[in-house]
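Reading through the structure tokens given below for one structure.
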Amino acid sequence: MQLINIGYGNLVSAEKLIGIISPESAPIKRMIQDNKEKGRVIDATFGRRTRAILVMENGYIILSAIMPETISARLENKEGKEA
């Protein structure tokens, strides 16, 4: 299993990750709020500003304080090392 560091010692399985998106748009903010009401949001920001949203295949959404580009680069580095 390949794990990606999403900040502050939190790790996520790369195989279960569907997408990494920015939280700036109104539809994304609504998606977060709807999933919070359903109890399907994991806040891994440690009280900091949300900069990336990770959408998982099981329907959960993970909030991260790390930029989407940084998480993507970490994912690409992991894939390159395993190849």
Side-chain angles (χ1 to χ4, degrees):
M1 176 177 15
Q2 181 183 2
L3 298 174
I4 304 167
N5 184 342
I6 60 165
Y8 307 105
N10 297 301
L11 303 169
V12 173
S13 172
E15 290 85 16
K16 306 286 182 184
L17 181 63
I18 293 177
I20 305 169
I21 53 179
S22 175
E24 302 303 321
S25 70
I28 300 303
K29 289 178 182 179
R30 279 194 300 273
M31 181 180 71
I32 294 168
Q33 190 58 42
D34 291 345
N35 280 292
K36 277 185 181 178
E37 292 170 4
K38 295 176 186 175
R40 300 184 68 83
V41 173
I42 300 170
D43 188 347
T45 62
F46 281 75
R48 291 168 177 82
R49 181 174 165 228
T50 301
R51 297 186 179 213
I53 301 178
L54 289 79
V55 180
M56 307 304 287
E57 69 179 23
N58 62 3
Y60 276 81
I61 295 175
I62 302 173
L63 309 179
S64 174
I66 306 296
M67 294 295 290
E69 296 83 7
T70 304
I71 297 171
S72 175
R74 290 177 182 179
L75 178 60
E76 289 174 8
N77 286 341
K78 290 269 186 180
E79 289 176 351
K81 288 180 183 177
E82 288 186 8

What pairs of donor and acceptor atoms, side-chain ones from residues 62-76 against any protein atom, are under 3.5 angstrom apart with sequence neighbours left out?
unit_1	atom_1	unit_2	atom_2	d
Ser64	OG	Ile6	O	2.7
Ser64	OG	Ile66	N	3.1
Arg74	NH1	Asn5	O	2.9

Looking at Glu57 and Leu17, would you say the former's side chain and the latter's main chain have a donor-acceptor pair under 3.5 Å? no
Shared hydrophobic cluster for Ile61 and Leu54 (ILVMFWY, side-chain gaps under 4.5 Å): no
Restricting to ring-ring contact (aromatic ring centres under 6.0 Å, His included), what partner residues turn up for Tyr60, sequence neighbours left out? none
Measure across Thr45 and Tyr8 and return the closest heavy-atom pair with its distance rounded to 0.1 Å. O-CE1, 4.1 Å
With the 4.5 Å side-chain cut-off for hydrophobic clustering, are Val12 and Met1 part of the same group? no
Name every donor-acceptor pair, under 3.5 Å, that has one atom in a side chain of residues 20-40 and the other anywhere in the protein, sequence neighbours excluded.
unit_1	atom_1	unit_2	atom_2	d
Glu24	OE2	Arg49	NH2	3.3
Asn35	ND2	Met31	O	2.9
Arg40	NH2	Asn58	O	2.3

I'd like to know if Met56 and Val41 are part of one continuous hydrophobic network [Ile/Leu/Val/Met/Phe/Trp/Tyr, side-chain heavy atoms within less than 4.5 Å]. no
